[in-house]
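Reviewing the structure listed below.
The sequence lines fix the lettering, A, B, ..., with proteins before strands; numbering per chain opens at 1. These numbers come from the heavy atoms of this one structure, side chains and all, not from hydrogens, waters or symmetry mates.
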2 protein chains.
Amino acid sequence: MADASASTSPSLRAAGMRQTPQREGILQVLRDSDRPLTVEEIWERMPERRSGLPTVYRNLERFVREGWAESILGADQIMRFVRCESRHHHHHLQCEHCGRTVEVDACGLDESLRHLEALSGFKITRHQLQLFGLCATCRSEKDR
Amino acid sequence: MADASASTSPSLRAAGMRQTPQREGILQVLRDSDRPLTVEEIWERMPERRSGLPTVYRNLERFVREGWAESILGADQIMRFVRCESRHHHHHLQCEHCGRTVEVDACGLDESLRHLEALSGFKITRHQLQLFGLCATCRSEKDR
DNA sequence: TTTGTTGCAAAGGGTTTGCAGGAGA
DNA sequence: TCTCCTGCAAACCCTTTGCAACAAA
């Protein structure tokens, strides 16, 4: 119990950042949400004394650079942020009905990409994949 | 030769839109470019008497809805538009060196998606894939 | 004490809107 | 002629910046 608060975000200092309540708040909000949030939504959910919006922007940018979060542009053209559980290559699968988003570790595109390389002459170095569908819960609701 | 101009954009009227020089200009600029362009770039390239920027925005939005173009948000967070040659499901593969973009008709993700469905419990209904790499020309330049 | 962070307010800049005039059909 | 479309200017709104005060370390 000696150092409980420090253990909640060991990564901040490891990444050379100062550990501030604002940063911990933002990370906490991202951790607590099961779907992507807009900057303003994150800001509204921050504990007690809200920080300034610029602070949220500044830190979000940094977290994305650090690989701790990812920005997603939805079909509504609004930018939202999700926490990345894995810092390795992964994709997000979002339910179009309830918004819940899960992280997909398996990529499984390697073979398809090699095929495309042969077809196009390109050397594919990077890709972005966003998946949308209906989660198990919403599917069963719909079936009723 | 009787009706050459009309045959260049038969789709406008077929889609219930009036055939205006501004619309034809925008479509022409998109057709002439082998890479995604910003709204302002499209505007600058429009023949002679430039239209107003709002007109470009309004029509681009409509063309995207019609499936004739697609908006792409690059790593630089700038929105660009590409013409879609095919109105069926496809993806874009962009060279990170020269910007040239080709359309990839083959998707080849079906099997991977079915696997993900089994893993996640989701029913996947839609996906967006953006591919980046080095085109054949830029590869050989690099090899020299 | 040093230096990174925050908050505020203001600036910025891409995008949208309202409306009157203009042009397809 | 009847609408739809365009152009202009202004409004919008999300995001960024400058700077002084503050607080981690």
Side-chain angles (χ1 to χ4, degrees), chain A residues 3 5-29 36-44 46-66 68-69 71-81, chain B residues 3 5-29 36-66 68-81:
Chain A
D3 211 8
S5 68
S7 68
T8 53
S9 56
S11 29
L12 276 174
R13 277 177 296 191
M17 289 186 243
R18 289 193 180 169
Q19 184 172 329
T20 67
Q22 292 86 342
R23 284 183 173 150
E24 299 198 315
I26 295 169
L27 290 172
Q28 192 59 52
V29 170
L37 301 173
T38 65
V39 173
E40 206 157 329
E41 285 167 342
I42 294 169
W43 177 62
E44 286 167 352
M46 282 179 66
E48 306 212 26
R49 183 191 347 128
R50 292 176 180 180
S51 75
L53 217 29
T55 297
V56 181
Y57 277 101
R58 282 189 276 233
N59 284 308
L60 241 17
E61 185 198 332
R62 194 141 181 198
F63 295 163
V64 168
R65 218 163 50 222
E66 228 33 75
W68 300 348
S71 63
I72 291 179
L73 190 67
D76 55 8
Q77 296 293 85
I78 295 175
M79 185 71 79
R80 289 186 177 76
F81 293 81
Chain B
D3 212 8
S5 68
S7 67
T8 52
S9 56
S11 29
L12 277 173
R13 277 177 295 191
M17 288 187 245
R18 289 194 178 166
Q19 185 170 330
T20 68
Q22 293 86 341
R23 284 183 173 151
E24 298 198 316
I26 296 169
L27 290 172
Q28 193 58 52
V29 170
L37 301 173
T38 65
V39 174
E40 206 158 328
E41 285 167 342
I42 294 169
W43 178 62
E44 286 166 354
R45 294 179 186 202
M46 282 180 67
E48 308 212 23
R49 183 188 349 125
R50 290 177 179 180
S51 75
L53 217 28
T55 296
V56 182
Y57 277 102
R58 282 188 277 232
N59 284 308
L60 242 16
E61 185 198 332
R62 194 143 180 194
F63 295 162
V64 168
R65 218 164 50 221
E66 220 49 61
W68 300 348
E70 195 177 301
S71 63
I72 291 181
L73 190 67
D76 55 8
Q77 295 293 86
I78 294 175
M79 185 71 78
R80 290 184 176 76
F81 293 82

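Atom CG in B:L73 sits roughly 11 Å away from atom P in D:dT15 (whole-Å rounding). One can place CD1 of A:I78 at 12 Å from P of D:dC13, the figure rounded to the nearest angstrom. Rounded to an integer number of Å, the gap from B:L53 CG to D:dC5 P is 19 Å. Whole-Å rounding puts the B:F63 CZ to D:dC5 C1' distance at 12 Å. Between the CD atom of A:Q77 and the C1' atom of C:dT16 there is a distance of 13 Å, rounded to whole Å. In this structure, CE of A:M79 is placed 15 Å from P of C:dG14, rounded to the nearest angstrom. Rounded to a whole Å, the CH2 atom of A:W43 is 14 Å from the C1' atom of D:dT15. Rounding to whole angstrom units, CD of residue A:E24 and P of C:dT6 are separated by 11 Å.
Listed by chain and number, the residues in a ring pair (Phe, Tyr, Trp, His ring centres under 6.0 Å) with B:F63 are B:W68 (sequence neighbours excluded). With sequence neighbours left out, B:R23 forms a salt bridge (Lys or Arg N to Asp or Glu O under 4.0 Å) with no residue at all. By the ring pair (Phe, Tyr, Trp, His ring centres under 6.0 Å) test, B:W43 pairs with no residue at all, sequence neighbours left out. Looking at residues two or more places apart in sequence or on another chain, you find a salt bridge (Lys or Arg N to Asp or Glu O under 4.0 Å) between B:E61 and B:R65. Take B:R80 and apply the side-chain hydrogen bond (donor to acceptor under 3.5 Å, both in side chains) test, not counting sequence neighbours, and it matches B:D76.
Residues A:E44 and A:E40 are in side-chain contact: their nearest non-hydrogen atoms beyond the backbone lie under 4.5 Å apart. Inter-residue side-chain proximity for A:M46 and A:S51 is flagged as met; some heavy-atom pair is nearer than 4.5 Å. At least one side-chain heavy atom of B:L12 sits less than 4.5 Å from a side-chain heavy atom of B:L27.
The only option from B:I72, B:V64, B:I26 that meets the side-chain contact (heavy atoms from CB on, under 4.5 Å) definition with B:F81 turns out to be B:V64.
Defining each end axis of the helix from C:dT1-D:dA25 to C:dA25-D:dT1 as the rotation carrying four pairs' C1' atoms onto the next four, with five pairs an end, the two axes are found to diverge by 40° to 10 degrees.
Between the OG atom of A:S11 and the CD atom of A:E66 there is a distance of 9.0 Å, given to the nearest 0.5 Å. In this structure, A:N59 CG and A:E24 CD are separated by 11.5 Å, a value rounded to the nearest 0.5 Å.
Taking a 4.0 Å limit (strictly below) on heavy-atom distances, residues 54-62 of chain B reaches DNA chain C at B:P54, B:Y57, B:R58.
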Taking only N/O atoms, report every protein-nucleotides 22-25 of chain C pair under 3.5 Å with atom names and distance.
| from | atom 1 | to | atom 2 | distance (Å) |
| --- | --- | --- | --- | --- |
| C:dG24 | N2 | B:R18 | NH2 | 2.9 |
| C:dG24 | N3 | B:R18 | NH1 | 3.3 |
| C:dA25 | OP1 | B:Q19 | N | 3.0 |

